[in-house]
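Hydrogens, waters and symmetry mates play no part in the numbers below; they use all other heavy atoms, side chains included.
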Number of protein chains: 2
Amino acid sequence: MTARTGRPTLAVVGATGAVGSVMLQILSQHADIWGEIRLIASPRSAGRKLSVRGEEVEVVALDEQALSGVDVAMFDVPDEVALQWAPVAAARGAVVVDNSGAFQMDPEVPLVVPEVNPHAARVRPRGIIANPHCTTLSMIVPLGALHAEFGLSELVVSSYQAVSGAGRAGIDTLRQQLSLVAGTELGTSPGDVRRAVGDKTGPFPEPVALNVVPWAGSLREDGWSSEEMKIRDESRKILGLPRLRVAVTCVRVPVVTAHSLTVHARFEDEVTVDRARDILATAPGVVLFDDPAAGEFPTPADVVGTDPTWVGRVRRCLDDPTALELFVCGDNLRKGSALNTAQIAELVAAEWAAS
Amino acid sequence: MTARTGRPTLAVVGATGAVGSVMLQILSQHADIWGEIRLIASPRSAGRKLSVRGEEVEVVALDEQALSGVDVAMFDVPDEVALQWAPVAAARGAVVVDNSGAFQMDPEVPLVVPEVNPHAARVRPRGIIANPHCTTLSMIVPLGALHAEFGLSELVVSSYQAVSGAGRAGIDTLRQQLSLVAGTELGTSPGDVRRAVGDKTGPFPEPVALNVVPWAGSLREDGWSSEEMKIRDESRKILGLPRLRVAVTCVRVPVVTAHSLTVHARFEDEVTVDRARDILATAPGVVLFDDPAAGEFPTPADVVGTDPTWVGRVRRCLDDPTALELFVCGDNLRKGSALNTAQIAELVAAEWAAS
């Protein structure tokens with residue numbers, strides 16, 4: 001690392017992508033703690049200029065030179081690019097905060113949510129810190145707060161995942177399908193939506209307009225999807241509960257942005273709704289929005305574009321005083337990826353400044 | 001009742017409604033076991049002619065005379081109409097099969113799903129049998145089959161409920177909202193969908209296009225919705241498990257017809273996926289559609305307009321050998337209301353013929 005005078009140098013690797021764009025927005029909105037901000041992308045994007053902190057910055061191509069003299073590097077690139085280049089950046093002295101799937105379950109790479117396990121960011125034998133998957137991030141902050149008070153023993157989770165979790169292609173596919181079904185009588189006879197959509201299913205295995213699709217990710221053992229396994233494995237790692245019981249079913253819904261999840265959370269001891277509400281109302285990064293009598297519960301239409309995780313429908317299980325029911329909703333492009341990555345980078349910068 | 005010669009007389013009360021229309025379709029499709037089929041509706045619909053079994057039948061107004069000489073009466077009318085008239089029909093000798101919410105939890109009224117608890121239909125001290133709520137009916141047949149083998153001890157359920165569960169107004173509302181959002185860039189910034197939809201939310205508390213809404217029914221105690229309580233109470237009653245642990249969160253999704261549910265089902269003893277699949281593959285009224293490697297899992301787009309309950313994503317919980325994960329999907333207008341009502345009426349007719 002450089003000397004501790006001045007400010008740390010930040011690299012944004014993958015600066016021209018969809019998440020990279022949100023990273024630059026967030027860097028422009030947050031307190032400016034950085035010295036140089038270097039924008040890095042694939043060679044074909046080199047030379048483009050992007051705006052960050054109100055200045056135009058020229059994008060440079062990803063190579064060893066570009067990663068020299070960097071203190072903190074935020075990576076948002078495909079897994080194989082991260083696997084190749086994150087260790088190069090780390091070897092040259094940077095702390096890498098990686099938003100790919102390459103390192104999330106590496107035992108030598110911490111998986112960090114600053115509101116939940118900030119301490120974990122300090123132990124990084126490979127010089128790499130991983131950002132969790134967007135679906136995990138859409139629920140883990142309120143669960144971390146409740147766990148700190150009550151001690152979590154089991155999660156049963158069902159997701160209502162937005163199409164932007166599958167990237168720009170997911171959004172385009174839903175919009176194209178909506179144009180095909182709007183103004184029709186579709187959705188009332190077997191296969192009518194499928195026939196109207198034809199082969200325009202994009203990154204999804206089935207039509208997603210006027211439909212819900214119980215699948216996300218790739219097939220893992222015993223019928224589980226990769227996305228379901230990630231939610232289980234990452235929740236255990238972030239919460240430091242390697243034997244936490246976690247059951248998950250992932251379902252795609254025709255929403256553009258903001259993942260929702262129902263959560264049945266069982267704790268070591270009896271819980272009360274009043275105490276749970278107190279915790280959620282004061283937890284950093286959480287908005288408690290829960291007054292059904294006044295029509296208040298979170299929905300993606302309200303939550304999209306916002307930073308916190310919204311929680312509503314807080315109830316104690318009628319048949320089990322140790323369990324709570326929740327409906328949580330978070331923007332999968334903000335806290336779900338770019339925001340949490342930036343928050344981790346800021347944690348590392350604070351440590352850098354203090355060391 | 002009339003003498004057991006000939007065939008029983010059936011009355012369809014509420015014949016002109018949306019569910020009544022499906023009842024008449026089903027009566028025309030099923031084996032013809034009925035003598036007279038009398039169509040009854042409110043006085044303003046009297047005189048209309050409707051087709052059933054290929055014949056035009058004139059609708060008569062609901063009164064005591066119309067309910068005389070009836071052996072079995074299928075009611076699909078508002079709760080208050082059912083409360084008034086079902087006892088009148090029963091007092092005049094009919095067995096009433098009621099599809100309203102008026103009698104479902106009456107301890108003197110059985111709640112019947114012919115594949116699960118047909119025996120319960122025989123004990124009806126008030127002469128009334130209730131049809132369960134559509135959301136319960138969209139999952140209970142496969143759960144009954146699994147319970148018979150493994151012994152159910154707990155359910156954690158999340159719903160993905162179609163707008164037609166809120167009737168014709170629900171369908172019209174979604175279609176109107178889809179016309180407003182299709183072809184736009186909506187769904188990416190806070191409140192943009194809400195602003196586009198304005199006050200056109202119909203029977204729902206929030207926009208349902210490009211959104212999911214974690215609310216169905218009316219507010220009950222401690223933040224629970226009436227729909228969530230129904231799923232718990234009805235599952236217990238149908239399965240004969242008055243202390244079954246049931247946790248539910250109900251969520252409305254932008255699907256026209258067919259309710260979906262994720263189910264985490266825990267049993268008394270260890271389960272195997274192979275045995276569960278055998279049971280589901282042979283259970284009456286169930287289609288096992290579960291091969292993710294081949295892209296096979298049920299979605300509303302496939303299930304709408306069909307009779308069975310479709311089951312996919314069958315997995316054993318990785319952390320609990322007594323629990324299964326399922327994704328189930330059923331047409332809320334067929335098995336969810338008209339079909340199950342007709343099946344109960346057919347059970348009663350068979351009993352009538354044998355007595």
Item to check | chain A interface, residue from B:D331, B:L318, B:T306, B:L219 that has the most non-hydrogen pairs under 4.5 Å | outcome: B:L318
Checklist entry - Among B:D192, B:V213, B:V246, B:D222, which has the most heavy-atom pairs under 4.5 Å with chain A? => result B:V246
Checklist outcome for this item: Checked B:C317, B:S260, B:P300, B:P214 vs chain A; the most non-hydrogen pairs under 4.5 Å come from B:P214
Item to check | B:R232 with A:D319: basic N within carboxylate O range, under 4.0 Å | outcome: yes
Next on the checklist: What part of B:V193 gets within 4.5 angstrom of chain A, counting heavy atoms only: side chain, backbone, both, or neither?
Outcome noted: side chain
Next on the checklist: If I measure from the heavy atoms of chain A, does B:R236 come under 4.5 Å with its side chain, its backbone, both, or neither?
Outcome noted: side chain
Checklist entry - In terms of heavy-atom pairs under 4.5 Å with chain A, which of B:P292, B:G305, B:P207 leads? => result B:P292
Checklist entry - Would you say A:R315's side chain and B:A247's backbone share a donor-acceptor pair under 3.5 angstrom? => result no
Item to check | Most contacts with chain B, counted as non-hydrogen pairs under 4.5 angstrom, among A:A182, A:A301, A:A323 | outcome: A:A301
Checklist entry - Looking just at side-chain N and O atoms, do A:S158 and B:T262 make a donor-acceptor pair shorter than 3.5 Å? => result yes
Next on the checklist: Treating B:R245 as the side-chain partner and A:D320 as the backbone partner, does any N or O pair qualify as donor plus acceptor under 3.5 Å?
Outcome noted: no
Item to check | A:E221 with B:R316: basic N within carboxylate O range, under 4.0 Å | outcome: no
Checklist entry - Any donor-acceptor pair under 3.5 Å linking the side chain of A:R194 with the backbone of B:D302? => result no
Checklist outcome for this item: Of B:E325, B:E228, B:Q176, the largest count of non-hydrogen pairs under 4.5 angstrom with chain A goes to B:E228
Checklist entry - Would A:V212 and B:F327 satisfy side chain to side chain contact (heavy atoms under 4.5 Å, CB included), going step by step from the backbone distance to the final call? => result CA-CA 11 Å; A:V212 300; B:F327 183 81; 4.1 Å; yes
Checklist outcome for this item: In terms of heavy-atom pairs under 4.5 Å with chain B, the winner among A:T184, A:L326, A:D291 is A:T184
Checklist entry - Is the side chain of B:R175 donor-acceptor paired with the backbone N or O of A:L186 at a distance under 3.5 Å, no angle test? => result yes
Next on the checklist: Does A:N211 form a side chain to side chain contact (heavy atoms under 4.5 Å, CB included) with B:T299? I'd like the steps, not just the answer.
Outcome noted: CA-CA 7 Å; A:N211 209 17; B:T299 76; 3.0 Å; yes
Checklist entry - How long is the span from the OG1 atom in A:T188 to the CG atom in B:L333, to the nearest 0.5 Å? => result 9.5 Å
Item to check | Residue B:I171 versus chain A: region with a heavy atom under 4.5 Å | outcome: neither
Checklist entry - Under a 4.5 Å heavy-atom cut-off, does chain B meet the side chain of A:V163, its backbone, both or neither? => result neither
Checklist entry - Could you go step by step and tell me if B:L178 and A:L210 meet the side chain to side chain contact (heavy atoms under 4.5 Å, CB included) rule? => result CA-CA 10 Å; B:L178 284 180; A:L210 293 182; 3.6 Å; yes
Checklist entry - What part of A:R266 lies closer than 4.5 angstrom to a heavy atom of chain B: side chain, backbone, both or neither? => result side chain
Checklist outcome for this item: Pair count under 4.5 Å, heavy atoms only, with chain A: among B:G312, B:G187, B:A293, B:S189, highest is B:G187
Item to check | B:F297 side chain reached by A:P205 side chain, heavy atoms, under 4.5 Å | outcome: yes
Next on the checklist: Counting only non-hydrogen atoms closer than 4.5 Å, does A:R220 touch chain B with its backbone (N, CA, C, O), its side chain (CB onward), both, or neither?
Outcome noted: neither
